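Everything below concerns the one structure shown next.
As the structure is a computational prediction, the values presented were derived from the model and not from experiment. Counting from 1, the numbers follow the sequence of the chain as shown.
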Amino acid sequence: MGANSSSISELPENEYLQKLSGSEPISENDPFWNQLLSFSFTTPTNSADLKLLEEATISVCKSLVEKNPRTGNLGSLIKVFLSRTKELKISAECQNHLFIWQAHNALFIICCLLKVFISRMSEEELQLHFTYEEKAGPSSYGTECEDLIEELLCCLIQLIVEIPLLDITYSISLEAVTTLIVFLSCQLFHKEILRESIIHRYLMHGRCLPYTSRLVKTLLYNFIRQERSPPPGTHVFQQQTDGGGLLYGIASGVATGLWTVFTLGGVGSKASAQLEQCSPLASQSLLLLLVLANLTDAPDIPNPYRQAIMSFKNTQDNTAFSSSNPHAFQINFNSLYTALCEQQKSDQATLLLYMLLHQNSNMRTYVLARTDIENLVLPILEILYHVEERNSHHVYMALIILLILTEDDGFNRSIHEVILKNITWYAERVLTEISLGSLLILVVIRTIQYNMTRTRDKYLHTNCLAALANMSAQFRSLHQYAAQRIISLFSLLSKKHNKVLEQATQSLRGSLGSNDSPLPDYAQDLNVIEEVIRMMLEIINSCLTNSLHHNPNLVYALLYKRDLFEQFRTHPSFQDIMQNIDLVISFFSSRLEQAGAELSVERVLEIIKQGAVALPKDRLRKFPELKFKYVEEEQPEEFFIPYVWSLVYNSAVALYWNPRDIQLFTMDSG
């Protein structure tokens, strides 16, 4: 690290930081602030940069925590920032680099300090640090400053929604989003879900509330636009011939020793190479949106950010907004749909898609009406296909999205009409041509098989089978490989059933002559496997009774493996559902026997197609339609809040938290 190391080691002795964290109050009008804020650096691009800075300046932060109650210097710094943001919009329009540059630097220091303060103290203690003020005017103490947190929060929101996104404002917009995430990060340091929080209260009431829908809309548009960050240095004030040289001199001279740390891991690093491929602002905006949407409801008001996400409409929707919903707004659904299709590789985008499909009926209706639904479904199937490489939460979200989509009969019909060519990521078999519906069946069955051999998660099984069940009545022209896999899965379940049955019998024999420790609960295992077998039989039956004539390949696979079903004909748990399957097997077997021996595959399929017309449908017993609807568990926040914060912890741009301080989730769950 060489020269950089010496720069980092000098940080605690830097005169500006020493003065900021020292014993002397600094007035907000002091020229000191101009000097402090005139540093030049490449905005940090990864958590490693922040980790280095935090470790180097921890003594400065501790000193500020200790002295700030008497000096109020944190409050002065915030007021300096607030006063400068009043002119930001004009500065952006006039291309005033210097003004924006200094405002950004002020916010960056505030964000760094806040992060340390929040990780080391309660919200109540933090609030006290915002209310201290120089005691020159006792009469003004308290009332004016008590709402400095609210003023800062409101200012950050205004900055995000009102400042136009240009090269020179990109960094400060990103910093504002990051600072809001930091404000809300108190959740990371609590095991339990925060239901009463000072910061939540400010964001859901008072001055911040009117900006709710505009903030949600702006964060969504940041995600949609995926604006790349401008090249390093574009936001930094450049020396001009018409004065300004003194400030630039401070930036490149006196203050440089303090801030060279920010060039570590800079332009040539792996992290920034990755960021060139994406948009830090889009990524950070999405994380903030997910955090806000998952705040718990206040006692007197439902979460307004979630309300905004639930109710926005398409810009092409001309129907009037309900006057009872102050959070409604319009957004371009086509742009949002395109961004969602392109970004599904990230947990965050999949979680956003889930929230929109589950909570916003306008968006769900729009997605289901798309004629290019494969653009959305294929990335979701790819997540499930690479189940070994994904965390379990990402897999759950992808599965639940499929389950929500399969609740719609139109979707279940249309996916069999979409023909795909050469699915390169599907490795088990070359698929030169297959319908989207058949591919969906293949991937879901593969997920079930993976789960049976590895994770054995009943919740995963349930969602996979529910999606197949919802689709089963609409199966059309199943690919021969998809039909084979349905029967192969049944074969696997059948073997597993026999094995568990054998183990249960043996353990029962052993227990009769022994009083040893309790035996494994094979009865429970048997019960679970029989539930899954029953569901698979219902799925096959649903297809046979509703669309047999559309699926000769499934009938072929059924006949080829007919012996599999023999043992279940008289089983009390399956007798009723086996009647139809048995009837179909007997009917087609007899027609094949009549046709003679040594039949080619083509001839067998031809006999099946002819027989499908002749099969007496009235002999097939009617069963209730298989329909499963996704319902969120009670207290969904117990799942979603730790999940969202694990995404922030692992994915936020240039944010670092000490893993030892994290309480909300265990570090391997991230």
Provide the full list of side-chain hydrogen bond (donor to acceptor under 3.5 Å, both in side chains) pairs with a residue in residues 574-585, sequence neighbours left out, each pair given once.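 Passing the test, one end in residues 574-585: R534-D576, N541-N580, R569-D582.
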
Would you mind listing every side-chain hydrogen bond (donor to acceptor under 3.5 Å, both in side chains) that reaches into residues 348-361, with sequence neighbours excluded?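 Passing the test, one end in residues 348-361: Q344-T350, T350-H394, Y354-Y630, Y354-E632.
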
Would you say the side-chain atoms of S494 pair up with the backbone N or O of F490, donor to acceptor, closer than 3.5 Å? no

Look only at the side chain of R485 and the backbone of A482, and say whether a donor-acceptor pair between them is shorter than 3.5 Å.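 No.
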
How about [X] and [Y]: does a side-chain donor come under 3.5 Å of a side-chain acceptor?
X: Y643; Y: D347; answer: yes
X: S586; Y: S589; answer: no
X: Y385; Y: E428; answer: yes

I need the single residue from M536, Q484, R446 that forms a side chain to side chain contact (heavy atoms under 4.5 Å, CB included) with L489. Which is it? M536

Hey, which of N412, I486, I540 is the one that makes side chain to side chain contact (heavy atoms under 4.5 Å, CB included) with F475?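 Only one option passes, and that is I486.
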
Is any side-chain heavy atom of [X] less than 4.5 Å from a side-chain heavy atom of [Y]?
X: L537; Y: I581; result: yes
X: Y459; Y: E633; result: yes
X: M204; Y: L295; result: yes
X: N391; Y: Y396; result: no
X: C464; Y: N451; result: no
X: I309; Y: L352; result: no
X: V377; Y: F411; result: yes
X: I423; Y: W425; result: yes

Return the minimal non-hydrogen interatomic distance between [X] and [Y], and the atom names on each side.
X: S542; Y: L626; value: CB-CD1, 3.9 Å
X: F223; Y: A339; value: CE2-CB, 3.9 Å
X: N303; Y: L292; value: ND2-O, 2.8 Å
X: I383; Y: A398; value: CG2-CB, 4.0 Å
X: S547; Y: S472; value: OG-O, 4.2 Å
X: I373; Y: Y337; value: CA-OH, 3.5 Å

Taking 4.0 angstrom as the limit, do [X] and [Y] come out as a salt bridge?
X: K345; Y: E389; value: no
X: E502; Y: K499; value: no
X: R413; Y: D408; value: no
X: R306; Y: E637; value: no

Might you confirm whether atom [atom1] of [X] has over 12 heavy atoms from other residues, nucleotides or ligands at distances under 6.0 Å?
X: E196; atom1: CD; value: no
X: K627; atom1: NZ; value: yes
X: Y560; atom1: OH; value: no
X: R619; atom1: CZ; value: no
X: K191; atom1: NZ; value: no

Using atom types as modelled, flag every donor-acceptor pair under 3.5 Å from a side chain in residues 212-219 to any protein atom, sequence neighbours excluded.
{"unit_1": "T212", "atom_1": "OG1", "unit_2": "L209", "atom_2": "O", "d": "2.7"}
{"unit_1": "K217", "atom_1": "NZ", "unit_2": "Q330", "atom_2": "O", "d": "3.2"}
{"unit_1": "T218", "atom_1": "OG1", "unit_2": "R214", "atom_2": "O", "d": "2.7"}

Does E530 form a side chain to side chain donor-acceptor pair (under 3.5 Å) with H497? I'd like the steps, not just the answer. CA-CA 7 Å; E530 286 186 356; H497 179 263; 2.9 Å; yes

